[in-house]
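The next block holds one structure in the form of structure tokens; read it before the comments.
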Amino acid sequence: MTDFNSAAAGIPDDDPTRTLTVASPDDPATTYISLAGGNYAILITGKQTNGQYCLIDMRVPDGGGPPPHRHDFEEMFTILEGEIEFTFRDEKRSVRAGSTVNIPANAPHNFRNVSGAPARMLCMCTPAAQDEYFLRVGDEVASKDAPPPRLTDDEKAERRQRAVELAPVYRTEML
């Protein structure tokens with residue numbers, strides 16, 4: 001059991017250089033990334049949270065989702081709309097809107113929208129860095145509803161290669 005009175009004595013002073021963050025996927029200043037078949041809005045970055053976490057609004061079309069992977073950080077998904085199939089340590093589980101899924105660090109997993117309809121979820125990674133990885137491997141698009149860029153087969157291969165090469169930098173392993 002934690003002794004909160006003695007723990008509170010070790011809390012650092014407030015850092016007035018940090019500011020309140022209010023995020024909306026409809027804010028024109030939001031950065032949108034086309035990645036893994038979907039459009040991801042980077043709502044809160046690691047820079048805004050002093051590296052503590054990042055928050056990403058994921059719009060996942062039918063058939064969209066990343067390949068199997070694992071990483072050494074926690075990842076939490078809250079399904080806002082639709083249904084997503086998660087594969088966790090080779091076991092599949094469908095999760096509907098209103099539910100939250102936590103993926104423990106280091107566990108093999110992936111997700112796929114196999115519902116036949118669009119889905120949307122929030123993804124929080126702690127600590128942050130997944131936001132930076134997505135910015136480096138995805139393609140920036142104009143809005144949450146923008147179509148993915150039309151890529152040649154060579155460009156698609158280059159994106160996959162970049163994702164694999166950068167994965168270790170962001171504490172991720174593609175499986």
Side-chain angles (χ1 to χ4, degrees), residues 25 30-46 51-141 144-151 153-175:
T30 300
T31 300
Y32 304 96
I33 302 297
S34 177
L35 185 66
N39 276 4
Y40 296 177
I42 309 297
L43 295 180
I44 299 178
T45 67
Q52 297 296 310
Y53 70 93
C54 62
L55 183 66
I56 302 160
D57 184 337
M58 300 177 156
R59 293 173 186 275
V60 186
D62 187 42
H69 61 280
R70 64 188 203 105
H71 33 68
D72 74 346
F73 53 86
E74 300 285 313
E75 193 171 31
M76 182 177 72
F77 300 91
T78 299
I79 315 303
L80 302 175
E81 300 170 8
E83 183 177 343
I84 299 286
E85 180 182 82
F86 286 85
T87 302
F88 176 75
R89 297 182 183 139
D90 295 324
E91 184 178 320
K92 293 180 190 286
R93 181 157 182 191
S94 289
V95 182
R96 295 178 189 261
S99 296
T100 297
V101 173
N102 186 71
I103 306 291
N106 306 311
H109 67 281
N110 71 301
F111 64 82
R112 177 108 15 237
N113 181 349
V114 295
S115 70
R120 181 174 167 226
M121 60 186 174
L122 291 177
C123 172
M124 180 169 39
C125 298
T126 181
Q130 193 74 336
D131 53 327
E132 294 174 20
Y133 180 58
F134 287 171
L135 288 167
R136 293 189 65 189
V137 300
D139 291 287
E140 192 167 337
V141 293
K144 65 184 179 191
D145 300 315
R150 293 182 182 262
L151 301 175
D153 288 343
D154 286 346
E155 289 170 325
K156 290 176 188 175
E158 186 276 327
R159 301 301 191 279
R160 283 190 295 273
Q161 183 62 33
R162 186 177 353 153
V164 169
E165 288 174 0
L166 287 173
V169 173
Y170 292 95
R171 304 179 332 266
T172 298
E173 177 185 18
M174 297 303 197
L175 303 174

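- Taking the ring-ring contact (aromatic ring centres under 6.0 Å, His included) definition, one finds that Tyr53 meets it with nothing, sequence neighbours left out.
- Thr78 pairs by the side chain to side chain donor-acceptor pair (under 3.5 Å) definition with Thr100, not counting sequence neighbours.
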Practice item. In sequence, state the C-alpha distance, the side-chain angles, and the governing distance for Asn39 and Lys144, and then conclude on side chain to side chain contact (heavy atoms under 4.5 Å, CB included). Key: CA-CA 6 Å; Asn39 276 4; Lys144 65 184 179 191; 5.5 Å; no

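- Residues forming a side chain to side chain donor-acceptor pair (under 3.5 Å) with Glu132 (at least two apart in sequence, or on another chain): none.
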Practice item. Begin with the C-alpha distance, continue with both residues' side-chain angles, and end with the deciding distance and a verdict on side chain to side chain contact (heavy atoms under 4.5 Å, CB included) for Val60 and Phe111. Key: CA-CA 10 Å; Val60 186; Phe111 64 82; 4.0 Å; yes

Quiz: residues 80-93 side-chain donor-acceptor pairs under 3.5 angstrom, not counting sequence neighbours:
from: Glu83; atom 1: OE2; to: Ser94; atom 2: OG; distance (Å): 3.4

Exercise for review: Run the numbers on Arg159 and Asp139 for side chain to side chain contact (heavy atoms under 4.5 Å, CB included), then give the verdict.
Suggested key: CA-CA 9 Å; Arg159 301 301 191 279; Asp139 291 287; 2.8 Å; yes

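- With rounding to the nearest 0.5 angstrom, the CG atom of Asp131 is 13.5 Å from the OH atom of Tyr40.
- Every residue meeting the side-chain contact (heavy atoms from CB on, under 4.5 Å) condition with Leu135, not counting sequence neighbours, appears here in chain and number order: Thr31, Ile33, Ile42.
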Let me have the donor-acceptor pairs involving side chains of residues 160-175, under 3.5 Å, with sequence neighbours excluded, atom names and distances please.
from: Gln161; atom 1: NE2; to: Glu165; atom 2: OE2; distance (Å): 2.8
from: Arg162; atom 1: NE; to: Glu158; atom 2: OE2; distance (Å): 3.0
from: Arg162; atom 1: NH1; to: Arg136; atom 2: O; distance (Å): 2.7
from: Arg162; atom 1: NH2; to: Glu158; atom 2: OE1; distance (Å): 2.9
from: Arg162; atom 1: NH2; to: Glu158; atom 2: OE2; distance (Å): 3.4
from: Tyr170; atom 1: OH; to: Arg136; atom 2: NH1; distance (Å): 3.1
from: Arg171; atom 1: NE; to: Asp72; atom 2: OD1; distance (Å): 2.7
from: Thr172; atom 1: OG1; to: Tyr170; atom 2: O; distance (Å): 3.2
from: Glu173; atom 1: OE1; to: Arg70; atom 2: NE; distance (Å): 2.6
from: Glu173; atom 1: OE1; to: Arg70; atom 2: NH2; distance (Å): 3.2

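- Using a 4.5 Å heavy-atom threshold, the side chains of Tyr133 and His71 count as separate.
- In this structure Asn106 satisfies the side chain to side chain donor-acceptor pair (under 3.5 Å) test with no other residue, sequence neighbours excluded.
- Ala97 meets the side-chain contact (heavy atoms from CB on, under 4.5 Å) test with Ile79; sequence neighbours excluded.
- Residue pairs meeting the salt bridge (Lys or Arg N to Asp or Glu O under 4.0 Å) criterion with at least one partner in residues 51-63, sequence neighbours excluded, are Asp57-Arg120.
- Side-chain contact annotation: His109 with Glu75, donor-acceptor N/O pair under 3.5 Å present.
- Partners of Ser115 by side chain to side chain donor-acceptor pair (under 3.5 Å), not counting sequence neighbours, listed by chain and number: Asn113.
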